[in-house]
Amino acid sequence: MKMWAGRFKKDVDTRVNDFNSSISFDCRMYREDITGSIAHATMLGECGIIPKEDSEKIITALRGILADLDSGALEIDPEAEDIHMFVEEVLTSRIGDAGKRLHTARSRNDQVALDIRMYLMGQIEEIKVLVLDLLEVIAKKAKLHAADVMPGYTHLQRAQPVTFGHYILAYASMLMRDYDRICDTKRRTNVMPLGSGALASTTYPICRERVAELLGFDSVTENSIDGVSDRDFVLELAFDLSTLMMHMSRFSEEIILWCSSEYGFCDLDDAYSTGSSIMPQKKNPDVAELVRGKTGRVYGSLTTLLTMMKSLPLAYNKDMQEDKEVIFDAIDNTKIALEVFTKMFDTMTVRSEVLRRAASKGFINATDCADYMVKKGLPFRSAYKIVGQLVGYCTDNGKTLEELTLDEYRALSDIFDEDVYAAIDLDTCVNGRSVRGGPAAASVARQISLVEDFITKAKTE
Ligand code: ARG
């Protein structure tokens, strides 16, 4: 019999029971559910809403249930409707009438809102650590390859020379934003909804601030209807994780390309690549591909949540039970993706000579050649045109800009001198870009220390 069976004359249809039940997935919030109930019972006792002895009995029994679930002595009943009902049923079976007082001044609607907020805050902390781990690896690798010149691309065409260090620090910038975004989401998740009741709060003289204090929340929700119907924080986290995955997916895509024999820029460690069942020569970047693939799945969670919430009238509706599986899935997949990606990237070897060779082709220093002429007094557009003609000449004659003789340069403009070769040298090109945010050694060193400071500050907060 259901706890709420009072007004019903029949048992619920078994398929409806399966359809309605959320225990298979909300069981993972048992710790938050019980901790929340302990705080609620404490407050009920302190405010004289239930007898002090009952409150104490409830708290002791709830602690016992938590310990038993942790140790495996108590198993979750798959037939239960949800985790809230399950815990309350076990509690009542263990201590009788006192247990029946726990749900005073509370509804499952504010209870589930509390549980999910607490659960997500815990998960956010775990994700933050994983993001910092990846940032650490990026900073370490950027230091190692700070001077390794490689081609930078636009439209996947070789564009201008950068360094591998500078290149991967772009991903550090993204990840630091991801980290900040998650922290920001946590700030809005950190609001205590208990006391909203079913939707209209309660007539009991509860102390919401006390419950918030006991649970470590920064504040309490200010509108009981919003308190039970708000899932913005779930959506926000789904968006944050989608963006984080999108960044890792772009990074993965690059690694996939770099590890192809067409590029040959990098090599994955054997532990982070897989073979083919038919082609003996293959070493596949499955980890990077799966990160890319799972990104779609995390976006799916965001889309599901947005669609689920769209047009829902206030306040609580059962549709909202659908928030859990998708956000849990997004969290699980982001966490494992971060973990595996970090290790894969950490163990990846970079072929610096191949990077440099790739940068010496494709007229990657054409802009610098034009800048050389500009520095000698020519307007940029005129210089741009002459270098365009030089590139055309090179293409027709199978040469690079470095390979042209001074006579060939001078055939197009007598502004050229012996020093043109130094001006278009790859290292000159890179180190000339010493503006803040550029690829020059000093600028890369600055970026690395910014990342390191970010990590240190994040770890001490
Ligand atoms: N299992 C429900 C959920 O996840 C808990 C809240 C149920 N409330 C209710 N009035 N049926 O949303």
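Throughout, numbering of the chain's residues begins at 1 and tracks the sequence. Indexing begins at 1, ligand by ligand and atom by atom, following the structure's order.
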Would the distance check show the side chain of Arg101 and the main-chain N or O of Pro51 forming a donor-acceptor pair, the cut-off being under 3.5 Å? no

Taking side-chain hydrogen bond (donor to acceptor under 3.5 Å, both in side chains) as the test, write out the residues that go with His166, two or more places apart.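 Partners of His166 under the side-chain hydrogen bond (donor to acceptor under 3.5 Å, both in side chains) test: Gln447.
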
For residues 134-146, which residue pairs qualify under side-chain hydrogen bond (donor to acceptor under 3.5 Å, both in side chains), counting only residues two or more places apart or in two chains?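 Sorted result for residues 134-146: Glu136-Lys459, Lys140-Asp346, Lys143-Glu452, His145-Asp148.
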
Looking just at side-chain N and O atoms, do Thr347 and Asp269 make a donor-acceptor pair shorter than 3.5 Å? no

Regarding Thr42 and Arg210, is there a side-chain donor-to-acceptor distance under 3.5 Å anywhere?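 Distance-only check fails for Thr42 and Arg210.
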
What pairs meet the ring pair (Phe, Tyr, Trp, His ring centres under 6.0 Å) rule with one or both residues in residues 108-138, with sequence neighbours excluded? Tyr119-Phe328

List, ordered by chain and residue number, the protein residues whose closest non-hydrogen atom lies under 4.0 Å from any atom of ligand 1. Ser22, Asp26, Asp82, His84, Arg108, Asn109, Val112, Tyr316, Lys318, Gln321, Lys324

